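All values derive from a computational prediction rather than experimental measurement.
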Amino acid sequence: SAKLTIRNFHNKVESDFHLNPPASVLLVKKADMFNFFERNALPDGKESFVASYDEIYNAYQFTNIGQLLTNMKLEREKGAGVVKGDTEQERAFKFSKWESENPEWNKVVLIPINAEYSTTTNIYGSSSQTLLRVRNLFNLSSAKLEGGISNSLQLHVIYSTFDN
């Protein structure tokens with residue numbers, strides 16, 4: 001399990017022209033971002049994820065991007081031709097060569113979106129929402145997100161291993 005929280009900087013300037021942050025954002029691999037919208041795809045929880053803006057925490061939270069990280073790792077190993085018997089030096093050389101040819105293999109983008117939901121209510125009065133459509137957000141919105149060299153993001157990873 002991997003949880004990524006991306007916080008929005010507080011806008012301390014009061015203005016009549018203040019723009020609210022996007023209600024939802026899509027996290028998708030950079031290489032797949034155009035194809036995602038061309039296919040009218042929905043986030044699958046493996047390669048693409050949606051997060052809603054949380055006003056209390058002033059953040060977008062992606063609760064489980066572990067599968068995305070695993071897929072990136074496997075893509076890197078397969079592309080580099082790494083095999084189980086390789087030494088650390090051989091692995092490092094193969095990874096270095098492959099990464100220089102594929103510099104964006106581990107890049108993701110956040111895209112402001114308009115997420116359209118359908119709400120259904122069962123006979124007990126409990127309601128649930130189903131994501132129907134994801135489209136680029138063309139409304140005016142603004143968010144200055146944490147990140148970068150001086151303000152890195154925190155990724156919380158929980159994993160286990162088994163001894164043979």
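Connection of Val82 to Leu69 is not established within any shared hydrophobic cluster, with ILVMFWY side chains joined at heavy-atom distances below 4.5 Å, either directly or through further cluster members. Ile65 and Tyr60 fall within a single hydrophobic cluster, where Ile, Leu, Val, Met, Phe, Trp and Tyr side chains are chained together by heavy-atom contacts under 4.5 Å. Linking ILVMFWY residues whenever their side-chain heavy atoms come closer than 4.5 Å, directly or via other members, leaves Met72 and Leu74 in distinct clusters.
A donor-acceptor contact shorter than 3.5 Å is absent between the side chain of Ser96 and the backbone of Ala92. Although no hydrogens or angles enter the test, the distance criterion places a donor-acceptor pair under 3.5 Å between the side chain of Asn102 and the main chain of Trp98. The backbone N or O of Ile113 sits nowhere less than 3.5 Å from a side-chain atom of Asn136 that would complete a donor-acceptor pair. Not one N or O on the side chain of Asn58 forms a donor-acceptor pair closer than 3.5 Å with the backbone of Glu55.
In this structure, NZ on Lys46 lies 12.0 Å from OG1 on Thr70, to the nearest 0.5 angstrom. Here Ile111 contributes atom CD1 and Ser48 contributes atom OG; the two are 10.0 Å apart, rounded to the nearest 0.5 Å. Here the CG atom belonging to Leu26 is positioned 14.0 Å from the CZ atom belonging to Arg135, to the nearest 0.5 angstrom. Between the CG atom in Asp44 and the CZ atom in Phe49 there is a gap of 7.0 Å [rounded to 0.5 Å]. Interatomic distance, Asp54 CG to Thr5 OG1, rounded to the nearest 0.5 Å: 9.5 Å. Interatomic distance, Asn122 CG to Ser128 OG, rounded to the nearest 0.5 Å: 7.5 Å.
Residues Val25 and Val50 are not in side-chain contact: their nearest non-hydrogen atoms beyond the backbone lie 4.5 Å or more apart. No side-chain heavy atom of Asn64 sits less than 4.5 Å from a side-chain heavy atom of Phe62. Proximity of Phe36 to Glu38: side-chain heavy atoms (C-beta onward) are nowhere separated by under 4.5 Å. Residues Leu131 and Pro43 are in side-chain contact: their nearest non-hydrogen atoms beyond the backbone lie under 4.5 Å apart. Counting heavy atoms from C-beta outward, Glu47 and Leu68 have side chains that approach closer than 4.5 Å. Annotation: side chain of Val108 is not in contact with side chain of Val28 (no heavy-atom distance under 4.5 Å). Looking at Gln61 and Thr63, their side chains come closer than 4.5 Å, going by heavy atoms from C-beta outward. Annotation: side chain of Lys29 is not in contact with side chain of Glu104 (no heavy-atom distance under 4.5 Å).
Contact record, Ala80 with Phe95: CB-CD2, 3.8 Å, taken as the closest heavy-atom pair. The two atoms that bring Leu42 and Leu132 nearest to each other are CD2-O, 3.6 Å, heavy atoms only. Across Ala41 and Val134, no two heavy atoms sit closer than the pair O-CB, 4.4 Å. When all heavy atoms are compared, the tightest approach of Ile6 to Leu145 is CG2-CB, 3.8 Å. Shown here for Gly45 and Gln67, the closest heavy-atom pair between the two residues is O-CB, 4.3 Å. Between Val109 and Met33, the closest heavy-atom pair is CG2-SD, 3.8 Å.
Counting non-hydrogen atoms of neighbouring residues, nucleotides and ligands closer than 6.0 angstrom, the OH atom of Tyr117 exceeds 12 such neighbours. Atom CD of Gln129 has more than 12 neighbouring heavy atoms from other residues, nucleotides or ligands inside a 6.0 Å radius. Taking a 6.0 Å sphere around CG of Leu140, one finds it holds 12 or fewer heavy atoms contributed by other residues, nucleotides or ligands.
When each of Ser142, Ser52, Ser141 is checked for a side chain to side chain contact (heavy atoms under 4.5 Å, CB included) with Pro22, only Ser141 meets the rule.
Other cluster members for Ile158: none, since no ILVMFWY side-chain heavy atom sits under 4.5 Å from it.
We find that Arg76 and Glu99 are joined by a salt bridge, their nearest charged nitrogen and carboxylate oxygen being less than 4.0 Å apart. Between Lys94 and Glu90, none of the side-chain N atoms (NZ, or NE/NH1/NH2) sits under 4.0 Å from a carboxylate O, so this pair counts as no salt bridge.
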